[in-house]
Amino acid sequence: MFDHIERFYRPTTLREALLLLRKVGKRGRIVAGATDIVTQADRSTRFLIDITRLGLNFVRGGNRECVIGATTTMAELEHSPVIRALAGGILAKAAATCGSIQNRNMATVGGNLANASPAADTASVLLALDVQVVLASSRRERKIALAEFYSGPHQNTLNGDMLTEIVIPALPSGGRLGWSFQKLGRTETDISLVNVAAGLQADARGRIKWARLALGAVGPTPLRARNAKELLLGNALNEDLLTRVSEAVMKEISPISDSRASAEYRREMSAVLARRALRECAAQAGYKL
Ligand SMILES: Cc1cc2nc3c(=O)[nH]c(=O)nc-3n(C[C@H](O)[C@H](O)[C@H](O)COP(=O)(O)OP(=O)(O)OC[C@H]3O[C@@H](n4cnc5c(N)ncnc54)[C@H](O)[C@@H]3O)c2cc1C
């Protein structure tokens, strides 16, 4: 793909980058860490716009609201004290699984979302955290829920805009709260065959009052298991409920067979990982299963 590049731009301000994007139009493409783009062939691309010098690698705020800049790398997320302290550290954990250390030093969280792979590891966590993404062009800025950002495998609603920030809303606080990120890959540094992000909070009587369950690599986009979540709400977590929830998860997903795994294996493993994730949440929330 790089054989056909006429010009590689390295803007130093967001405004400059957005004006360049407008100027080059459909023949231009954003490049951040380049760990996905190098594997893709697209002869129509003539201009690359490097966005790693725009000052978009930051983590601001904390539990009440946290904003992450799009070019923050996986390694930065993995080591950020704020991200490690947020939501039981599940975003830091997911970032820490994104390939080798060399990959994580380059790969950005914005690139992980913009590439729109169904298997992107930070995507399921960010879905579980109900984040919004900020999308900008030289003419407008919009903020949409990550759940609305995906439109299919490797398809999103960017429409030529740049993803500039990820906004994590205030998360539940107080007691009886648990979080988990689970990933199954062929090796430690491989892309997910299945991944699961979960969070739950129980009330004083042990009934679940808040829950999130999101999965990756088992559908055309990263997805939220809404039926499974509904089963959890209002109930006390026990083995019977875990069984019903993992069965609901298997029905909600639509995995495909590919060179990495069969659809059947992915479906079975989704139930296993969802159960494992909820058990980890349950232990943190004080359940004795
Ligand atoms: C060896 C290897 C192992 C990997 N392992 C994993 C893994 O385990 N888990 C995982 O999730 N991923 C994995 N990946 C994929 C990749 O590293 C991640 O998806 C990474 O986060 C992509 O970010 P990037 O900055 O490198 O994106 P780039 O390659 O720079 O860009 C990817 C795409 O997103 C667009 N883009 C980038 N940033 C923006 C933005 N801010 N706004 C709009 N568009 C943008 C680009 O135009 C391009 O289309 C792996 C990749 C490799 C090569």
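Atoms within a ligand are numbered from 1 in the order they appear, just like the ligands themselves. Position 1 is the first residue of the sequence, and the numbers go up from there.
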Practice task
Could you verify whether a donor N or O on one side chain and an acceptor N or O on the other, from Asp42 and Ser44, lie under 3.5 Å apart?
Solution key: yes
Exercise for the section: Mark yes or no for whether Arg266, through its side chain, and Leu193, through its backbone, hold a donor-acceptor pair below 3.5 Å. Expected result: yes
Exercise for the section: Answer yes or no: are there more than 12 heavy-atom neighbours, outside Gln284 itself, under 6.0 Å from its atom CD? Expected result: yes
Check each N or O atom of ligand 1 against all protein N or O atoms and list the pairs under 3.5 Å, with atom names and distances to 0.1 Å, one per line.
| unit_1 | atom_1 | unit_2 | atom_2 | d |
| --- | --- | --- | --- | --- |
| ligand 1 | 8 (O) | Thr97 | O | 3.2 |
| ligand 1 | 8 (O) | Gly99 | N | 3.3 |
| ligand 1 | 8 (O) | Asp121 | OD2 | 3.4 |
| ligand 1 | 8 (O) | Lys183 | NZ | 3.0 |
| ligand 1 | 8 (O) | Asp190 | O | 3.4 |
| ligand 1 | 9 (N) | Asp121 | OD2 | 2.7 |
| ligand 1 | 11 (O) | Asn112 | ND2 | 3.0 |
| ligand 1 | 11 (O) | Asp121 | N | 2.9 |
| ligand 1 | 17 (O) | Thr35 | OG1 | 2.7 |
| ligand 1 | 17 (O) | Asn103 | ND2 | 3.0 |
| ligand 1 | 19 (O) | Asp36 | OD2 | 2.5 |
| ligand 1 | 19 (O) | Asn112 | ND2 | 2.9 |
| ligand 1 | 21 (O) | Thr108 | O | 2.8 |
| ligand 1 | 21 (O) | Asn112 | N | 3.4 |
| ligand 1 | 23 (O) | Thr108 | N | 3.4 |
| ligand 1 | 23 (O) | Thr108 | O | 3.4 |
| ligand 1 | 25 (O) | Gly33 | N | 2.7 |
| ligand 1 | 25 (O) | Thr108 | N | 3.0 |
| ligand 1 | 25 (O) | Thr108 | OG1 | 2.6 |
| ligand 1 | 26 (O) | Ala34 | N | 3.2 |
| ligand 1 | 26 (O) | Thr35 | N | 2.8 |
| ligand 1 | 26 (O) | Thr35 | OG1 | 2.6 |
| ligand 1 | 29 (O) | Thr35 | N | 3.3 |
| ligand 1 | 29 (O) | Asp36 | N | 2.9 |
| ligand 1 | 29 (O) | Ile37 | N | 2.8 |
| ligand 1 | 30 (O) | Ala32 | N | 2.7 |
| ligand 1 | 30 (O) | Gly33 | N | 3.3 |
| ligand 1 | 30 (O) | Ala34 | N | 2.8 |
| ligand 1 | 41 (N) | Leu163 | O | 2.8 |
| ligand 1 | 42 (N) | Leu163 | N | 2.8 |
| ligand 1 | 47 (O) | Ile30 | O | 2.5 |
| ligand 1 | 49 (O) | Arg29 | NE | 3.3 |
| ligand 1 | 49 (O) | Arg29 | NH2 | 2.9 |

Problem - Donor on one side chain, acceptor on other, Arg53 and Thr12, under 3.5 Å - result: no
Practice task
Check the side chains of Asn103 and Ser100 for a donor-acceptor pair under 3.5 angstrom, ignoring hydrogens and angles.
Solution key: no
Exercise for the section: Give a yes or no on whether the backbone of Glu78 and the side-chain of Arg84 come within a donor-acceptor separation of less than 3.5 Å. Expected result: yes
